[in-house]
Amino acid sequence: MITVRFAPSPTGYLHVGSARTALFNWLYARHEKGRFLLRVEDTDRKRSDKKFLEEILRDLRWLGLDWDAEPVLQSDRFDIYRQKAAGLVAAGRAYRDGEAVLFRVEPGRTIVVEDMIHGRITFQTDDIKDQVLVKSDGSPAYNFSCVVDDDFLGITHILRGDDHISNTPKQVLFYEALDRPAPRFGHMPLIMGADGAKLSKRHGGVAVEEYKQEGFLPEALANYLILLGWYPGQEHEVLTLEEAARMFDIKSMNDVQAKFDVQKLKWLNGEYIMRRSASALLPAIKERLAAAGLTAPSEGYLLKVVELYQVRIKTFNEFLPLADFFFRDDFLWEEEAKAALAKDESRELLRLFTARLESSGDFSPEVIEKLCRELAADRKVKAAALIHPIRAAVSGKTRGAGLFEIMELLGREQVLRRLRSAA
RNA sequence: GCCCCUGUCGUCUAGCUAGGUCUAGGACAUCGCCCUUUCAAGGCGGCAACACGGGUUCAAAUCCCGUCGGGGGCGCCA
């Protein structure tokens, strides 16, 4: 059985690149019916914070990941590392330099790593200097604690970022000195920003949390992230984690760095939003309403609004700017909407329409539309010439859901009030 | 400076392991048309790539070499 791990360092938020690493490890474990473990690399006590760890775990769960054992903390295992290091000193493989312990790297050797993603990679020990095992303050150096713990946890496969490639020969040397079998390694290319530079804030966010706040669905983010470096095949781009786990094949992972494309993420998110039932979208929408200090008149009302708009938004944050008028009278007016009411003829049409609407007892979309088209015909103008001003008066927007459905939802009183004040 | 990874449309990629079926396929983005009260959604269509230079071969996106480009590493950070 295979065992893999994700080893976050609790010194900050969960980076989307790290999230992708975690995702692929999870995918591999689930596909192989193996185990997925978490190890917390909190050896730097000054920078590590329990709060960060909790956030990271929360974000991993949010993405849909689960793990098979309680996370192991490296800060609990300092004695072990020191013991192992002392053992290497006793065996003559390491030496003390003050309080620190250094590993002696034998020159003139070639280290060959059969990488699961890149294939064979060779290194020369001449390029590697002696390695710190234990620092002067007694804490373990990264590569050493990493090896000790991966061995302790029974890790069989290490899937990590390309930035760890140069750590690999050092770690291989440690396994050898410890007389322990080394796991298989697989290094996946890093994600870059749209301009090819390191992914940063200006590319649209680096933290998983930021995407959550932007209004992305975890399923969409996870889906997008696994598409960066792995191709499930045509017709299979939109898939759940479970489907991905079933189809996953580490041999088909790409060995080329990929650029993070927010456009495609948005498209995917839009796909998820539009395919989901409106009621499933309610919690996220309610959050946005609450943040703006708004409330919906009723659950049923909100549900209908969402049904009307879920096909038109790519993220949840796009909802309110488009649909605020359903929840407040002081809604946002687009400049183009104001322009639609600027002409005297437009307001004249609006007044005539308002009068006809007032005298109608029925307020169904069909009747409103009939009234609208009749008036247009009577005045010998195109229906659009009337519809646009009405939309503007009622919503302050030039775009949105079908006007007659909007009006029915808003209700007779509210619509008439807005029409009168706009005319 | 040294070491390592890598180079197919703007982006993600299929194809490369076993060279011909590739006038290089799909998706996102973009452009146009249809639908239509608008915006979406949907349908149809267009634009768009084998980094460059050598070599091997009857034949190269696919194999080999070099150049150039992108990225990572060389911490008592992780």
Side-chain angles (χ1 to χ4, degrees), chain A residues 7-12 41-44 46-48 74 97-102 113 115 117-119 121-124 126-129 131-146 161-170 187-192 194-198 224 227-238 251-252 254-268 270-271 274 308-314 318 322 336-337 340 369 372-373 376 382-392 395 397-404 406:
Chain A
S9 172
T11 54
E41 313 216 308
D42 55 349
T43 57
D44 187 338
K46 291 186 291 294
R47 294 201 301 140
S48 298
Q74 291 193 316
D97 178 12
E99 296 300 302
V101 180
L102 285 277
V113 174
D115 191 278
I117 293 170
H118 293 292
I121 306 177
T122 61
F123 308 87
Q124 304 302 328
D126 289 351
D127 297 322
I128 305 171
K129 56 184 183 184
Q131 296 293 305
V132 173
L133 260 26
V134 178
K135 305 180 209 172
S136 301
D137 66 358
S139 66
Y142 168 74
N143 279 314
F144 189 56
S145 55
C146 185
D162 264 357
D163 50 341
H164 284 287
I165 289 181
S166 57
N167 284 326
T168 308
K170 301 166 187 173
H187 293 93
M188 33 200 229
L190 271 14
I191 305 179
M192 308 304 293
D195 54 4
K198 194 168 176 169
Y224 177 67
L227 245 30
L228 242 36
W230 177 58
Y231 190 67
Q234 283 171 208
E235 316 282 316
H236 290 292
E237 291 206 341
V238 182
K251 285 196 288 295
S252 65
N254 241 86
D255 59 0
V256 192
Q257 60 197 1
K259 296 189 180 104
F260 194 94
D261 180 14
V262 188
Q263 291 299 339
K264 187 142 186 179
L265 206 211
K266 281 192 177 173
W267 168 74
L268 259 176
E271 289 290 307
M274 98 177 97
L308 250 29
Y309 282 84
Q310 67 183 123
V311 75
R312 287 164 233 268
I313 58 172
K314 298 278 184 248
E318 290 176 5
L322 225 50
E336 299 93 315
E369 178 165 8
C372 192
R373 295 196 185 280
K382 281 192 287 189
L386 178 56
I387 287 171
H388 293 323
I390 299 175
R391 176 184 292 281
S395 71
K397 315 284 184 283
T398 57
R399 50 172 64 184
L403 177 63
F404 310 116
I406 288 177

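In what follows, every heavy atom counts, from backbone to side chain, and hydrogens, waters and symmetry copies are set aside. Protein chains get the first letters and strands the later ones, always in sequence-line order, with residue 1 at the start of each.
Atom pair A/Trp230:CH2 and B/A14:P shows a separation of 12 Å (rounding to whole Å applied). What separates CD1 of A/Ile387 from P of B/C39 is a distance of 13 Å, to the nearest Å. The nearest whole Å value for the distance from the NZ atom in A/Lys397 to the P atom in B/A40 is 16 Å. The NZ atom of A/Lys314 sits 11 Å away from the C1' atom of B/C28 (whole-angstrom rounding). If you take CG of A/Asp255 and P of B/C16, they are 14 Å apart, rounded to a whole angstrom. Between the OH atom of A/Tyr231 and the P atom of B/G25 there is a distance of 13 Å, rounded to whole Å. Look at CE on A/Met188: it is 16 Å from P on B/C12, rounded to the nearest Å. Atom P of nucleotide B/A27 and atom CG of A/Leu265 are separated by 19 Å, given to the nearest angstrom.
The backbone N or O of A/Ala383 sits nowhere less than 3.5 Å from a side-chain atom of A/Arg373 that would complete a donor-acceptor pair. No donor-acceptor pair closer than 3.5 Å links the side chain of A/Ser395 to the backbone N or O of A/Ala392. Put simply, the side chain of A/Tyr224 never gets that close to the backbone of A/Trp267: no donor and acceptor are under 3.5 Å apart. Looking at A/Arg391, its side chain does come within 3.5 Å of a backbone N or O of A/Ala401 through a donor-acceptor pair. A donor-acceptor pair is defined here as one N or O able to donate and one able to accept, closer than 3.5 Å; no such pair exists between the side chain of A/Asp42 and the backbone of A/Pro10. Of the possible donor and acceptor atoms, none in the side chain of A/Asn254 sits under 3.5 Å from a partner among the backbone N and O of A/Leu228. Between the side chain of A/Gln310 and the backbone N or O of A/Leu308 there is no donor-acceptor pair closer than 3.5 Å.
Counted within 6.0 Å of CD on A/Glu336, heavy atoms from surrounding residues, nucleotides or ligands total more than 12; the atom is thus considered enclosed.
If you check every strand for non-hydrogen atoms under 4.0 Å, A/Gly270 touches nothing. Using a 4.0 Å heavy-atom cutoff across all strands shown, A/Ala194 reaches no nucleic acid atom at all. If you check every strand for non-hydrogen atoms under 4.0 Å, A/Lys46 touches nothing.
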remark   = Quick tally for nucleotides 63-78 of chain B: nucleotides whose base has a protein heavy atom under 4.0 Å get B, sugar-phosphate-only ones S, the rest -, giving -------BSSS-SBSB
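Closest to the side chain of A/Leu228, out of B/C4, B/C12, B/C39, is B/C12. Distance from the side chain of A/Ile121 is smallest to B/C5 among B/G26, B/C5, B/A40. Looking at the side chain of A/Phe404, the nearest of the listed nucleotides B/U37, B/G7, B/A40 is B/U37. Listed nucleotides: B/U37, B/G7, B/G10. Nearest to the side chain of A/Asp261: B/G10. Checked against B/G42, B/C4, B/C28, the side chain of A/Glu271 finds its nearest nucleotide in B/G42. Picking from B/C12, B/A29, B/A40 the nucleotide with the shortest atom distance to the side chain of A/Val311 gives B/A40. When distances are taken from the side chain of A/Val256 to each of B/C4, B/U38, B/U6, the shortest belongs to B/U6. Proximity note for A/Asn254 (side chain, C-beta onward) versus B/A40, B/A14, B/U37: the nearest is B/A14.
Residue order along RNA chain B, read from the 5' end via each residue's closest nucleotide, puts A/Tyr224 first among A/Tyr224 and A/Gly400. Toward the 5′ end of RNA chain B lies the nearest nucleotide of A/Gln124, the other residue of the pair A/Gln124 and A/Lys264 mapping further downstream.
B/G45 and B/G54 have their P atoms separated by 39 Å, given to the nearest Å. Straight-line distance between the C1' atoms of B/G20 and B/G15: roughly 14 Å, to the nearest whole Å. The gap from the P atom of B/G66 to that of B/C2 amounts to 16 Å, rounded to the nearest Å. Separating the P atom of B/C28 from that of B/G72 is a span of 30 Å, rounded to the nearest Å. Comparing the same atom, P, in B/C44 and in B/G7 gives a spacing of 34 Å after rounding to whole Å. Between B/A18 and B/C68, the two C1' atoms lie 31 Å apart (nearest whole Å). Comparing the C1' positions of B/G70 and B/G75 gives an interatomic distance of 25 Å, to the nearest angstrom. Nucleotides B/G19 and B/A61 place their C1' atoms 10 Å apart, quoted to the nearest Å.
In this entry B/A24 has no Watson-Crick or G-U wobble partner, no candidate having both defining distances under 3.5 Å. Pair assignment for B/C68 gives B/G7, based on Watson-Crick or G-U wobble hydrogen-bonding distances that are each under 3.5 Å. Across the strands present, B/G1 finds its partner in B/C74; the criterion is a Watson-Crick or G-U wobble pair with both atom distances under 3.5 angstrom. Nucleotide B/C63: paired with B/G55 (Watson-Crick or G-U wobble, both distances less than 3.5 Å). Summarising the base pairing, B/C44 is matched to B/G32 through a Watson-Crick or G-U wobble pair whose two defining distances lie under 3.5 Å.
A/His118 places a side-chain heavy atom less than 4.5 Å from the side chain of A/Asp255. Contact check for A/Leu322 versus A/Arg399: side-chain heavy atoms found under the 4.5 Å cut-off. In this structure the side chain of A/Tyr142 never reaches within 4.5 angstrom of the side chain of A/Lys170, judged on heavy atoms.
OP1 or OP2 of B/U37 has at least one side-chain nitrogen or oxygen of A/Arg373 nearer than 4.0 Å.
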Atom pairs under 3.5 Å, N or O on each side, protein against nucleotides 45-52 of chain B: can you list them with distances?
none

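Atom NZ of A/Lys264 is separated from atom NZ of A/Lys259 by 15.0 Å, given to the nearest 0.5 angstrom.
The existence of a salt bridge linking A/Arg47 and A/Asp44 is confirmed by a sub-4.0 Å separation between a basic side-chain nitrogen and an acidic carboxylate oxygen.
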